[in-house]
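Below is one structure; the comments refer to it alone.
Computed from a predicted model, the values in this text were never measured in an experiment. Here is the naming used below: chain letters follow the sequence lines, and residue numbers restart at 1 for every chain.
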Amino acid sequence: MPELPEVETVKRVLAPQLAGQSILSVTVCQPQIIAYPDAALFSELLTGQTIQSLSRRGKFLTLHMESGDRVVIHLRMTGQLLVTPPDYPLEKHTHLVAELPGGMQIRYIDVRRFGRFWLLKADEADTVTGQDKLGIEPLDDALTGEFLCARLGYRSKPIKEMLHDQTIVAGIGNIYSDEILFEAGIYPGEKCADLDADGWNRLAASIKKIISWGIEVNQLTADEYLAGKGKEYRNMPDLNAYGREGQACARCGSAMEKLIIGGRSSCYCPKCQRKKP
DNA sequence: CTAGCTTCCTGATAGC
DNA sequence: TGCTATCAGGAAGCTA
């Protein structure tokens with residue numbers, strides 16, 4: 001489940017491999033992964049183009065072509081984007097293959113097929129991917145306790161659920177929201193309206209700390225990426241909260257508890273992340 | 001505008 | 001052993 005740090009890793013690993021490469025052909029094996037325009041047009045328009053650079057916004061990855069066209073990719077739950085050497089074995093659930101010079105390929109593998117690709121022309125405004133509705137980046141200086149309070153302070157929803165709202169802060173998913181709330185010492189079910197200024201400040205600081213940490217620990221070489229994490233996002237090291245139900249809290253030793261919030265499982269320490277009375 | 005629910009999709013795991 | 005049920009979850013789409 002790639003979240004912002006993992007998508008950043010994908011970008012950093014693939015950017016040097018893809019910059020300057022021309023796309024010789026594109027084969028889409030699973031048409032539904034092409035959200036726009038359609039699989040046939042996607043392949044046709046992309047063939048012959050040269051990749052200039054890669055960028056990331058929230059959990060979206062963009063391949064910028066020299067023509068100004070761009071391919072926007074969202075990996076959703078299980079999407080894997082790999083640059084493979086010649087004769088690399090074909091994996092199950094490979095939905096897109098793009099041929100590069102020298103037998104190299106770009107491959108998109110996605111067990112659950114939730115991931116999506118969009119191809120936008122140079123002069124085409126982005127109104128189809130949802131990127132235009134994204135909130136600020138977690139590491140943006142604009143993300144402060146005041147900002148969060150202004151955008152969320154009046155809401156009655158649990159803070160955990162609002163951390164997943166991509167239109168407020170872009171890039172946080174279920175793993176990092178658990179880690180962020182643990183770091184901040186905030187009960188995940190806390191209503192936004194019940195947080196005070198200190199809580200919002202701790203939350204803003206924790207978002208920056210945890211997302212930065214996530215990017216840091218995910219630094220990989222191209223070989224490491226291909227061998228493991230490019231295909232296995234669940235292999236997150238040193239998590240303090242996510243998935244640790246019943247285990248001892250890293251801070252106080254209490255048994256971690258699980259709660260379903262907004263349909264998402266949430267692990268927290270009942271002592272360190274105490275619910276307000 | 002918000003809230004709440006369903007849908008997409010497969011594989012891992014639990015229970016019988 | 002083999003079957004069924006449940007869960008994992010990002011985001012869009014739907015109704016109210």
Side-chain angles (χ1 to χ4, degrees), chain A residues 1-11 28-39 56-62 72-81 90-96 107-118 126-135 137-138 150-181 188-194 207 211 214 231-236 239 241-247 256-268:
Chain A
M1 53 209 77
E3 301 180 31
L4 188 154
E6 288 79 20
V7 179
E8 180 67 22
T9 296
V10 175
K11 186 200 81 177
V28 178
C29 320
Q30 189 63 248
Q32 77 204 76
I33 67 160
I34 308 299
Y36 181 86
D38 62 52
R56 180 200 57 72
R57 175 84 171 90
K59 301 174 196 170
F60 288 88
L61 186 69
T62 299
V72 180
I73 304 167
H74 197 304
L75 304 173
R76 294 276 169 87
M77 290 292 298
T78 51
Q80 308 155 17
L81 193 65
L90 191 66
E91 302 207 13
K92 203 175 167 185
H93 306 299
T94 299
H95 306 316
L96 181 149
R107 295 196 196 174
Y108 182 69
I109 304 158
D110 190 347
V111 171
R112 293 186 203 169
R113 298 186 215 162
F114 287 178
R116 290 294 179 267
F117 284 61
W118 298 262
D126 182 358
T127 55
V128 290
T129 68
Q131 282 192 107
D132 54 335
K133 297 178 187 69
L134 288 179
E137 287 285 314
R151 293 295 303 274
L152 299 173
Y154 66 97
R155 300 288 297 263
S156 61
K157 282 206 171 193
I159 183 58
K160 157 98 174 180
E161 206 175 327
M162 295 316 297
L163 283 178
H164 295 162
D165 187 335
Q166 303 298 305
T167 70
I168 309 291
V169 179
I172 300 170
N174 203 37
I175 294 177
Y176 286 96
S177 63
D178 268 8
E179 297 303 310
I180 287 164
L181 290 166
E190 198 77 75
K191 286 182 180 176
C192 290
D194 289 341
I207 289 171
I211 295 296
K231 302 186 291 183
E232 186 48 85
Y233 291 103
R234 288 175 188 275
N235 199 15
M236 274 291 302
L239 294 179
Y242 177 80
R244 298 195 73 242
E245 181 193 11
Q247 297 181 41
M256 302 287 287
E257 293 183 1
K258 185 170 119 174
L259 197 63
I260 302 296
I261 296 167
R264 302 281 173 264
S265 67
S266 312
C267 282
Y268 68 102

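Backbone-only engagement by A:Arg155 is indicated by non-hydrogen atom pairs under 4.0 Å involving sugar-phosphate atoms exclusively. Contact annotation for A:Lys92: backbone-only contact, meaning every heavy-atom pair under 4.0 Å involves sugar-phosphate atoms and none involves a base. Residue A:Tyr154 is classed as a sugar-phosphate contact, given heavy-atom separations below 4.0 Å to backbone atoms only.
Distance A:Met77 CE to C:dA12 P: 15 Å, rounded to the nearest Å. Rounded to an integer number of Å, the gap from CZ of A:Phe117 to C1' of C:dG10 is 16 Å. One interatomic measurement links the two molecules: CD1 of A:Ile175 to P of C:dG10, which rounds to 8 Å at whole-angstrom precision. Atom CG in A:Asp132 sits about 14 Å away from atom C1' in C:dA12, given to the nearest Å. In this structure, the CH2 atom of A:Trp118 is 15 Å from the P atom of C:dG10, given to the nearest Å. When the C1' atom of C:dT6 is taken as reference, atom CD1 of A:Ile260 falls 12 Å away, rounded to whole Å. Counting to the nearest Å, the C1' atom of C:dT6 and the NZ atom of A:Lys258 are 11 Å from each other. If you measure from atom CG of A:Leu134 to atom P of C:dA12, you get 9 Å, rounded to the nearest angstrom.
With values rounded to the nearest 0.5 angstrom, A:Ile109 atom CD1 is found 9.0 Å from A:Leu81 atom CG. Taking NZ of A:Lys191 as the reference point, atom OH of A:Tyr154 lies at 15.5 Å (rounded to 0.5 Å).
The span of DNA chain B lying next to chain A, judged by atoms under 4.0 Å from heavy atoms, is bounded 5' to 3' by B:dT2 to B:dG11.
In this model, no side-chain donor or acceptor of A:Arg116 finds a partner on the base of C:dA11 within 3.5 Å.
A:Phe114 does not qualify as a stacking partner of the C:dA11 base, lacking a centre-to-centre distance under 5.5 Å together with planes within 30°.
Remark: the backbone N or O of A:Cys267 is paired with a side-chain donor or acceptor of A:Asp178 at under 3.5 angstrom. A:His95 places a side-chain N or O within 3.5 Å of a backbone atom of A:Asp110 that can act as its donor or acceptor partner. Proximity of a side-chain donor or acceptor of A:Glu8 to a complementary backbone N or O of A:Arg56 within less than 3.5 Å is not detected. Listed for the A:Glu179 side chain is a donor-acceptor partner under 3.5 Å among the backbone atoms of A:Tyr242.
Listed by residue number, the members of residues 157-167 of chain A with any heavy atom below 4.0 angstrom from DNA chain B are A:Lys157.
Side chains of A:Lys160 and A:Ser177: a donor on one and an acceptor on the other come within 3.5 Å. Side chains of A:Glu245 and A:Tyr268: a donor-acceptor N/O pair is absent below 3.5 angstrom, by distance only. No side-chain N or O of A:Thr129 forms a donor-acceptor pair with one of A:His74 less than 3.5 Å apart.
When each of A:Arg264 and A:Val111 is assigned the nucleotide of DNA chain B with its nearest heavy atom, A:Arg264 is the one assigned upstream, toward the 5' end.
For C:dA11, one of the phosphate oxygens OP1 or OP2 lies less than 4.0 angstrom from a side-chain nitrogen or oxygen of A:Lys59. For C:dA11, one of the phosphate oxygens OP1 or OP2 lies less than 4.0 angstrom from a side-chain nitrogen or oxygen of A:His74.
Put simply, the side chain of A:Lys59 reaches to within 4.5 Å of the side chain of A:Gln166, judged on heavy atoms.
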